[in-house]
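Reviewing the structure listed below.
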Amino acid sequence: MHVKRIFTSTMAAGLAAVCALASAPAASARPAPPSTPVADGYGGAVVSDTVESTQAGIDVLRRGGTAADAAVAVAATLGVTDPYVAGLGGGGYFVYYDAATKTVSTIDGRETTPAGDSSTMFIDPATGKPYAFETAVESGRSVGVPGMLATWQRALQRWGKFSLADNLKPAEKVAQHGFVVTPEFESQTQGLATKLGHFSPSAQLFLPGGSAPKAGSVMRNPDLAATYRQIEREGIGAFYGGSIGKDLVDTVQKPPVAPGAGITPLTGPMQVSDLRAYRALDTAPTHVNYRGYDVYGMAPSSSGGITVGESLNILGNFNLSTMDRVQALHHYLEATRLAFADRNRYIGDPRYVNVPQQQLLSKSFAATRACKIDPTKAGVSPVAPGDPYATGQGCATAPAASADSNEQHTNHFVVTDRRGNIVSYTNTIEQLGGSGITVPGRGFLLNNELTDFNFAPTQGSAPDPNLPAPGKRPRSSMSPTIVLHDGKPFLAVGSPGGATIITTVLQILVNRIDLGMTLPDAIAAPRASQRNAATTDAEPAFLAQPTTKGLEALGQSFKNAGSIGVAAGIEFLPHGELLAAGEPSRRGGTSAAVLSPGH
Ligand code: GLU
């Protein structure tokens, strides 16, 4: 494999030196080692958003930890170095391949709606209409009961070797000593300055002296270090019922607005009892077989596994590898146009709505959807959902549905250990910067995950599966995925990006399996995301491809959506070789590393 090697011990020493300088003036801080997007080798691998989080995972693997141990270390460190997309205030979905039993399992760590909320929580009683989306984002109302810490604990109970306290230590150190601010972090903070500035503890933490920390300076978070230390001492009860939880609940009930911010955020009804009641759920993965590859993903409350799976099943009716590139991309776009209509109509929290998962993932249903694809013409969105309950149905449909939104923020990382266990974990606080509200004295931001509900019905006369309800989990698009081939690991992959997550994961699978790209090329390739909308979101590099004119001639239309997704993947090559692949340039480039670099 001709790929760049990464993260040598010299680099690690450089990072240690930087951390030691944490309290020195910013001007004397040395930059972090450059993040390297691709690594190959043996013995274990990590791909995550930041150099420090990847290194935390590699260190745990080197000490003999499992992929689950390393995943907790990575996630906790992302809470420090990638705080606008990760951390204790959020939730996520954890997919695990257990090498000993050769099985894939999943944990649903999605945030839940407090018991005191209602189905009209996002309807303004003064007008009877939904609140403006941004009003809902920056509020206590949008904060779901966080599932992150419960997920870490559950993963360690099932597959860990070390304690939670051990696995939090690397993150605690980075929070205490600091990390060197990257240009990406500086620009994210600048972009969030208004939102963060609305809340005093967020402004104090992230806008010291009133502005974003400069690239090259050192960012410390002693409050978060102390929070991690308290959890190390007291266990997750400190959060799910103890004093950290009490502070969290107070913050949701009375968001700490900065003087002069000029906003009166909606409050949330979360109680300590909501935290006590929270459980990360053991769920069965979704599964489809695509051209001989067994693709496992997240079942609802995420729509990711079903929608990726249905799209693959639709594409399984065509031979993409022998099509010209325009036709292959046309079919890719049409498959998700159709699958998103079904997602929007049928998928929600299965504890609240009856999700026809088996039908949506059946080959026979996919065949009825595949026959809707016209190779000479793009579909006209919104296309109608299919009827997964119909039998022997030809090309039946239900009345039309609406499009879905494009959010941009979250993170995905992958880990594998020397035993061959694998973690594919997407975690989030929803929007970049979540609700914008930091829990005072605790060093972490709160999610705004409940804005993933539809505020009002979207499905015309049909029921909407994603309306709010007490205790319900909002529908997600997160699609952490593990693929086996002939019973052996082939690929682990995922991405952030709101509803574009689904198309990004699908496009990477199609690029790798059908179009013959290497995993790094499949990840780096320009992206387009069709989600049953009149126009397809596309990256500038996709628009510049010669194939785009051919797609437009078929009636596809595109709009520049900027960058889409930030993928992380590992491919399992013959003889134990690992190919770890992140992003060369999206989100400023991400960090891949292996335990023992190849030769
Ligand atoms: N909240 C989104 C979801 O669960 C993820 C946010 C994002 O990736 O932008 O689908």
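Residue numbers run from 1 in the order of the sequence given. The analysis underlying the following values was restricted to heavy atoms, covering all of them including side chains, and did not include hydrogens, waters or symmetry mates. Just so you know, ligand 1 is whichever comes first in the structure, and atom 1 is the first atom listed for that ligand.
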remark   = ligand 1 to Met478, heavy atom cutoff 4.0 Å, flagged ligand atoms 4 (O), 10 (O)

request  = Would you indicate which of Asn447, Val85, Thr410 comes nearest to atom 6 (C) of ligand 1 when only heavy atoms are counted?
outcome  = Thr410

request  = Any atoms of ligand 1 less than 4.0 Å from a non-hydrogen atom of Ile501? List them with their elements.
outcome  = 8 (O)

request  = Look at Arg351 together with Asp349 and state whether they make a salt bridge at an N to O cut-off of under 4.0 Å.
outcome  = yes

ask   = ligand 1 and Pro496, any nitrogen or oxygen pair closer than 3.5 angstrom?
value = no

message = Among residues at least two apart in sequence or on other chains, which ones pass side-chain hydrogen bond (donor to acceptor under 3.5 Å, both in side chains) with Arg512?
response = Glu571

ask   = Any ion pair linking Lys195 and Glu138 (charged N to carboxylate O, less than 4.0 Å)?
value = no

message = What I'd like to find out is whether the side chain of Thr113 reaches to under 4.5 Å of the side chain of Met121, using heavy atoms alone.
response = yes

query = With atoms numbered from 1 as shown, which atoms in ligand 1 lie under 4.0 angstrom from a non-hydrogen atom of Ser477?
reply = 3 (C), 4 (O), 10 (O)

ask   = Picking from Phe413, Tyr96, Tyr93, what satisfies ring-ring contact (aromatic ring centres under 6.0 Å, His included) with Tyr425?
value = Phe413

request  = May I ask you to identify, for His412, whether its side chain, its backbone, both or neither come under 4.0 Å of ligand 1 on a heavy-atom basis?
outcome  = neither

Sub-4.0 Å atoms of ligand 1 with respect to non-hydrogen atoms of Asp452 = 1 (N), 2 (C), 3 (C), 4 (O), 10 (O)

query = Which of the atoms of ligand 1 are close to Glu449, meaning less than 4.0 Å from one of its heavy atoms?
reply = 1 (N), 2 (C), 4 (O)

request  = Say whether Gln431 and ligand 1 are in contact under the criterion: heavy-atom distance to a ligand atom below 4.0 Å.
outcome  = no

task = Would you mind checking if Arg475 and Asp452 are paired as a salt bridge, meaning a charged N to carboxylate O distance below 4.0 Å?
result = no

key: Mutual orientation of the aromatic rings belonging to Phe542 and Phe558 [parallel < 30°, tilted 30-60°, perpendicular > 60°]   = tilted

